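Notes follow once the structure below has been shown.
Letters A, B, ... mirror the listed sequences (proteins, then strands); counts begin at 1. On a predicted model such as this, the values are computed, not experimentally measured, just so you know.
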There are 2 protein chains.
Amino acid sequence: MTDPKPTHDIEAVFHQKGIPFTRQRRQIWEFFAGADRAATIAETADALRGDGVGQATVYRTVQLFNDLGLLARVQDGQGELCYIAPPIGHSHPLVCGVCRRVIRFDGDGDLTELEALLGAETGFSIYGHHLEVYGICPSCQQTRREGDDGE
Amino acid sequence: MTDPKPTHDIEAVFHQKGIPFTRQRRQIWEFFAGADRAATIAETADALRGDGVGQATVYRTVQLFNDLGLLARVQDGQGELCYIAPPIGHSHPLVCGVCRRVIRFDGDGDLTELEALLGAETGFSIYGHHLEVYGICPSCQQTRREGDDGE
DNA sequence: GGCTCAGTTGAGAACTCTTCTCAACGGTGT
DNA sequence: ACACCGTTGAGAAGAGTTCTCAACTGAGCC
């Protein structure tokens with residue numbers, strides 16, 4: 001449960017790699033870093049259209065961020081692909097199936113053991129894993145209960 | 001590390017639900033059940049085109065199987081969406097990032113504990129999770145080593 | 001300040017993937 | 001044999017994503 005990298009850190013990452021950190025890239029980054037829930041590419045493009053950020057740029061930039069490990073892909077409750085700005089280091093998302101709010105947790109302790117076991121049993125050379133946990137966040141549980149009362 | 005349901009079991013599932021198990025559905029099921037690696041929808045449609053199975057039918061049927069819990073979605077090494085026929089019960093895929101061979105394992109013991117902990121810490125009502133492990137299978141490791149020798 | 005150059009951007013075209021439509025088919029019960 | 005109802009295939013339609021290209025931007029250099 002850590003915060004995403006602040007913008008100046010990202011800027012340093014770009015600088016270090018010699019990649020320009022343009023106005024559009026900053027806006028897209030700030031959109032993700034400021035959100036507490038996962039967003040689709042379409043939502044991102046919609047949100048930034050007014051700021052003069054083109055759709056193609058959103059696609060290109062999200063892919064760039066993803067390649068650089070600055071965004072992580074998750075699936076929401078409907079199986080739609082969304083993106084979230086991950087924190088420094090390695091963590092896994094706990095996604096609300098209703099509002100897509102995301103909380104990150106560190107669950108790697110258990111998984112390194114599992115990976116070692118799997119590698120030994122199967123002969124696979126393990127290089128990574130992907131874990132997402134789905135639930136309903138407290139606020140959506142509340143809303144749902146209120147909805148039940150009314151019906 | 002279990003086998004997918006044999007075809008006659010699937011047929012029983014369909015019968016029980018009153019859904020026809022047509023020739024096309026059988027062919028699509030046999031394609032997945034007979035494969036030891038994850039396949040994309042496009043690959044499935046290509047493989048069955050000669051057998052007179054239309055593209056729309058492949059899409060409809062894969063979605064149907066998925067809804068019935070007979071297929072599971074996984075991402076391959078390139079992040080492409082593939083499907084595999086899962087075994088009876090709950091398991092997770094170990095996917096080869098090169099050839100997409102899939103081995104299934106049961107890793108839920110650890111995760112129920114993690115889920116309970118997460119639920120208590122965050123107030124989320126947890127309803128599921130998704131775990132995939134990625135590696136290189138022994139045969140692809142071998143191929144890769146041979147390739148290295150030559151270059 | 002003005003120039004050059006390489007990389008980025010926006011708009012729209014192009015392409016790909018997925019879903020929809022509809023007439024024909026198939027199998028089940030009568 | 002017949003009617004009924006869900007499924008199917010072909011192609012159209014729609015949605016999502018990538019490509020193309022001219023214009024723009026900013027960094028380095030004069």
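- Distance from the side chain of A:Ala56 is smallest for D:dC19 among the nucleotides D:dC19, D:dG11, D:dT8.
- B:Glu132 places a side-chain N or O within 3.5 Å of a backbone atom of B:Gln75 that can act as its donor or acceptor partner.
- Residues of residues 41-52 of chain B having a heavy atom closer than 4.0 Å to DNA chain D, listed by number: B:Gly52.
- Grouping Ile, Leu, Val, Met, Phe, Trp and Tyr residues whose side-chain heavy atoms lie under 4.5 Å apart, directly or via other members, places A:Val98 in a hydrophobic cluster with A:Val74, A:Ile84, A:Val95, A:Val102, A:Tyr134, A:Ile136, B:Tyr127.
- If you take CD of B:Gln55 and P of C:dT18, they are 9 Å apart, rounded to a whole angstrom.
- Residue A:Thr57 places at least one side-chain N or O closer than 4.0 Å to OP1 or OP2 of C:dG10.
- Here C:dT9 presents its P atom at 7 Å from CD1 of A:Ile28, a figure rounded to the nearest Å.
- Put simply, CG on B:Leu81 is 12 Å from C1' on C:dT18, counting in whole angstrom units.
- With rounding to whole Å, B:Ile19 atom CD1 is found 18 Å from D:dC5 atom P.
- For B:Gln27 and D:dT7, the CD to C1' distance is 14 Å, given to the nearest whole Å.
- Taking 4.0 angstrom as the limit, B:Thr22 places a side-chain polar atom (N or O) nearer than this to OP1 or OP2 of D:dT8.
- A single hydrophobic cluster is seen to contain both B:Leu68 and B:Val62, as judged by linkage of ILVMFWY side chains at heavy-atom distances under 4.5 Å, directly or through other members.
- Between the side chain of A:Arg100 and the main chain of A:Ala38, a donor-acceptor pair closer than 3.5 Å is present.
- Side-chain proximity of A:Gln24 to C:dT9, D:dG9, C:dT8: nearest is C:dT9.
- Taking the side chain of B:Tyr59 as heavy atoms from C-beta on, and the options C:dC17, D:dT8, D:dG16, the nearest nucleotide is C:dC17.
- For A:Arg25, counting side-chain heavy atoms from C-beta on, the closest listed nucleotide (C:dT9, D:dG6, D:dT8) is C:dT9.
- Per the geometry, CZ belonging to A:Arg23 stands 9 Å off P belonging to D:dT25, to the nearest Å.
- To the nearest 0.5 Å, atom CZ of residue A:Phe31 and atom CD of residue A:Glu43 are 6.5 Å apart.
- Rounded to whole Å, the distance from NE2 on A:His15 to P on D:dG26 is 14 Å.
- Side-chain contact, A:Arg145 with A:Gln142: a donor N or O sits under 3.5 Å from an acceptor N or O.
- Within the nucleic acid shown, B:Arg60 comes within 4.0 Å of at least one base atom, counting heavy atoms only.
- B:Glu80 comes within contact range of no nucleotide atom at all, as no heavy-atom separation falls under 4.0 Å.
- As rounded to whole Å, 17 Å separates atom C1' of D:dA27 from atom CZ of A:Phe14.
- The aromatic rings of A:His129 and A:His92 sit tilted relative to each other, their planes meeting at an angle between 30° and 60°.
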